[in-house]
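Numbered from 1 within each chain, the chains take letters A, B, ... in sequence-line order.
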Amino acid sequence: MDDFYRENILDHYRYPRHKGHLEDPDIHYHDVNPFCGDEITLELKVEDDRIVEAAFDGKGCAISQASASMLTEELVGMTLEEVRQLNKDYIIDLLGIPIGPVRLKCALLPLKVLKAGVWGLEEWPE
Amino acid sequence: MTASTPTLQVAPMPTVAEIRKDFPILQQEVHGHPLVYLDSTASSQKPVQVIEAMDEYYRTIHANVHRGVHTLSEAATTAYEDARLKVARFINAPSTKEIIFTRNTTEGLNLVAYSWGRANLKPGDEVLITEMEHHSNIVPWQLICEITGATLRYVPITPRGELDYDALSQLLNEKTKVFAFTAMSNVLGTINPVAELVARAHAVGAIAVVDGAQSVPHLKTDVQALDADFLAFSSHKMLGPTGIGVLYGRKEILQAMPPFLGGGDMIREVKLSGSSWNDLPYKFEAGTPAIAEAVGLSVAIDYLNQVGMDWITEHERQITAYAWEQLQQIEGLRILGPDPERRGGLLSFIFGDIHPHDIASILDMQGVAVRAGHHCAQPIHDHYGISASTRASFYIYNSLDEVDRLVAALHQAKDIFSF
Ligand SMILES: Cc1ncc(COP(=O)(O)O)c(C=O)c1O
C-alpha cells in the first residue's frame, strides 16, 4: 500500500507543479478518460520545435494528476521529436510504482493528451 | 380422534457462514487479506451449484435447441424451456410466451425501445424516463427519439435522491407514450414504488417499462401485481452466469410488435419475397441462444428460492442499516441517496476530496472490493455536481464483519490522504 501511494505521488497530487494556464499557448489539448471521467488539459509554448513552457489543468484521481504534474516537470526543454518517443514505460518509471491495467489508464491520460496535442496521435500510448 | 395434525415444514433459516461455503470465489485472499466482495450490484458471485450445473450440461446434454430430433437436442431443448418456466414462475408471469431470453438488461431495454418504439412513436409523442436511470435505460431512448422524432423527457430527482413527484405529475401526460424507469437505482439505492408508477403511466395511456436489473435479484417480484408492461433484468446480478438476461413483456403488446433481430429461430417462413414471424417468445430470440447460461440461471433461481427472497431482502436491510450507521460516523464521508428504510442494499458515497479511484485502490490493497466511477449513471453524478462516487453493495453472502473491514479500510484511506 505504502508502495502505491508513495509520498512523492501524494506530494505531486497535493502540490501539483505547473498547474494552471499559459498565455497564448502554441498547443492546447483536452481529453477525458471515458471510463472514469478524469480530465486533463495541457498547454505548451514551443520555440524551434522545443518546449519552453508547459502547464496542465485537470480533475481526477491522485495517479492521473500526479502523472500530469510529473510529466510537465520533464517537458520543459524537450523537443517535439522526443515527445513522440515517450511511451508507457516512461510514465511508469516516472511514477515509480507497479500499476495494474485499469489504473494504468489513469496514469497514461496525461501522456495521451500530450501526444494527441503535439502529434495528433489519439491512441493510448503503448 | 386420530386424525393427524399437519406438521408445518419450516426450512431452517440459512446462515451467512453456510451460504458462503457455496461460493468458492469468496474463499480467497486478495493482497494477503481475506476477500471482502462488496460489488454485487455490478455483478454477483455464483454458487457452486450454478457452476456445476453448467459444467454438467456441457458434459452430458449439449446440442443446439429446437428443430433437432435427436436425443441430445431434445434434452437441450427441454433444459432450455424448463429454465424459461422457472423464470416465469419466479416473477409470476402468466405465461412462458412472455419470457424472452436476451443477453442482459441492456439488450432487453434496447429490444423494447427499437421494436416497440419504431412501430409506435412519432413526432409530438413523448418518452418519459428519469434522471436516476442507468445508461442502458437512457441511451436506447435517446436513439429511438432521434429516429422517430419523439421527444425525450426526464423526471428530476430531489436532493434526497428520490423521484420528484410534483414534476412527475406535470411530465406524465396524454402526450406520454412510454414511461421507462428503474425499480431500484444502482447508485442511490432508491427503491421506486413500481406498482404506483405503472398505474400512473397507465392512467395516461402510456406503457410502463421497468428496469429490474437491481430489484429482481433482491426483492420478490410479481409482474402481475406490478402490472408492468415490460420488465428487464440480468442473470449475472442474481447468482447466475453472464451472457443471459430476461425481458418479460405483456403478451398482447409483444404480439403486436415487429421483431428486433432477424435470423434463425425467429421466423415462421422465409421466402425470397419476404418472411413471416414465429410465435412468442421465439419471434424475439433470433439465432442460437445461451443454453448453458439458461441452465445456470435456472439453478440460480432455485438457489434464491431455497434461501428465500424475503430472507435475502431482510438480510440486506440489516447489513445496509448497520453499514449506514458505521459510515455516517466517519468524518468527511457523505452518503448519496435516501435513508436506509427506503433503499436497497447498496451505499454510494463521497469521502472528503479523495477521488473514488484512489479510495477503491486503497481498499483493494486491504482485500475490500468496491466499485468507483460513475457506475454507468452519469446524470445522477451531474445532479450532485460530482464526477464519480464509491459504491459498496451487499448481497446474500455478505456479513456484518465485512462492513467492519470496509470501515477500517476507509480509515486507512483517510490516513494516507491525511485530511
Ligand atoms: C439499474 C441497472 N440497469 C441496467 C443495468 C445493465 O445491466 P447489464 O449490464 O447486465 O445489461 C444495470 C447494471 O449495472 C443496472 O444496475
| message | Can you tell me if B:R103 has over 12 outside heavy atoms packed within less than 6.0 Å of its CZ? | response | no
| message | Atom CG of residue position A:D48 - does it have more than 12 heavy atoms of other residues, nucleotides or ligands inside 6.0 Å? | response | no
| Would one find more than 12 heavy atoms of other residues, nucleotides or ligands at under 6.0 Å from atom CD of A:E123? | no
| request: Indicate yes or no: at least one non-hydrogen side-chain atom of A:R103 is less than 4.5 angstrom from one of B:D358. | output: yes
| query | So what's closer than 4.5 Å to chain A heavy atoms on B:H374: side chain, backbone, both or neither? | reply | side chain
| query | How close do A:Y5 and B:H357 get, heavy atom to heavy atom, and via which atoms? | reply | OH-O, 4.1 Å
| query | When only pairs under 4.5 Å are counted, which of B:S361, B:A372, B:G373 shares the most heavy-atom pairs with chain A? | reply | B:S361
| request: Against chain B, label A:I63 side chain, backbone, both or neither, depending on which of its atoms sit under 4.5 Å from a heavy atom there. | output: both
| request: Look at atom CD1 of B:I25 and say whether more than 12 heavy atoms of other residues, nucleotides or ligands are closer to it than 6.0 Å. | output: no
| query | Where is the tightest heavy-atom contact between A:L10 and B:I416, given as atom of each residue plus distance? | reply | CD1-O, 3.5 Å
| Rounded to the nearest 0.5 Å, what separation is found between the NE2 atom of B:H355 and the CD atom of A:Q65? | 8.0 Å
| said: Please give me the minimum heavy-atom distance between A:Y13 and B:D353, naming the atom from each residue. | reply: OH-O, 3.5 Å
| message | So for atom NZ, which belongs to A:K45, do other residues, nucleotides or ligands contribute more than 12 heavy atoms lying within a distance under 6.0 Å? | response | yes
| said: So for atom CD, which belongs to A:E47, do other residues, nucleotides or ligands contribute more than 12 heavy atoms lying within a distance under 6.0 Å? | reply: no
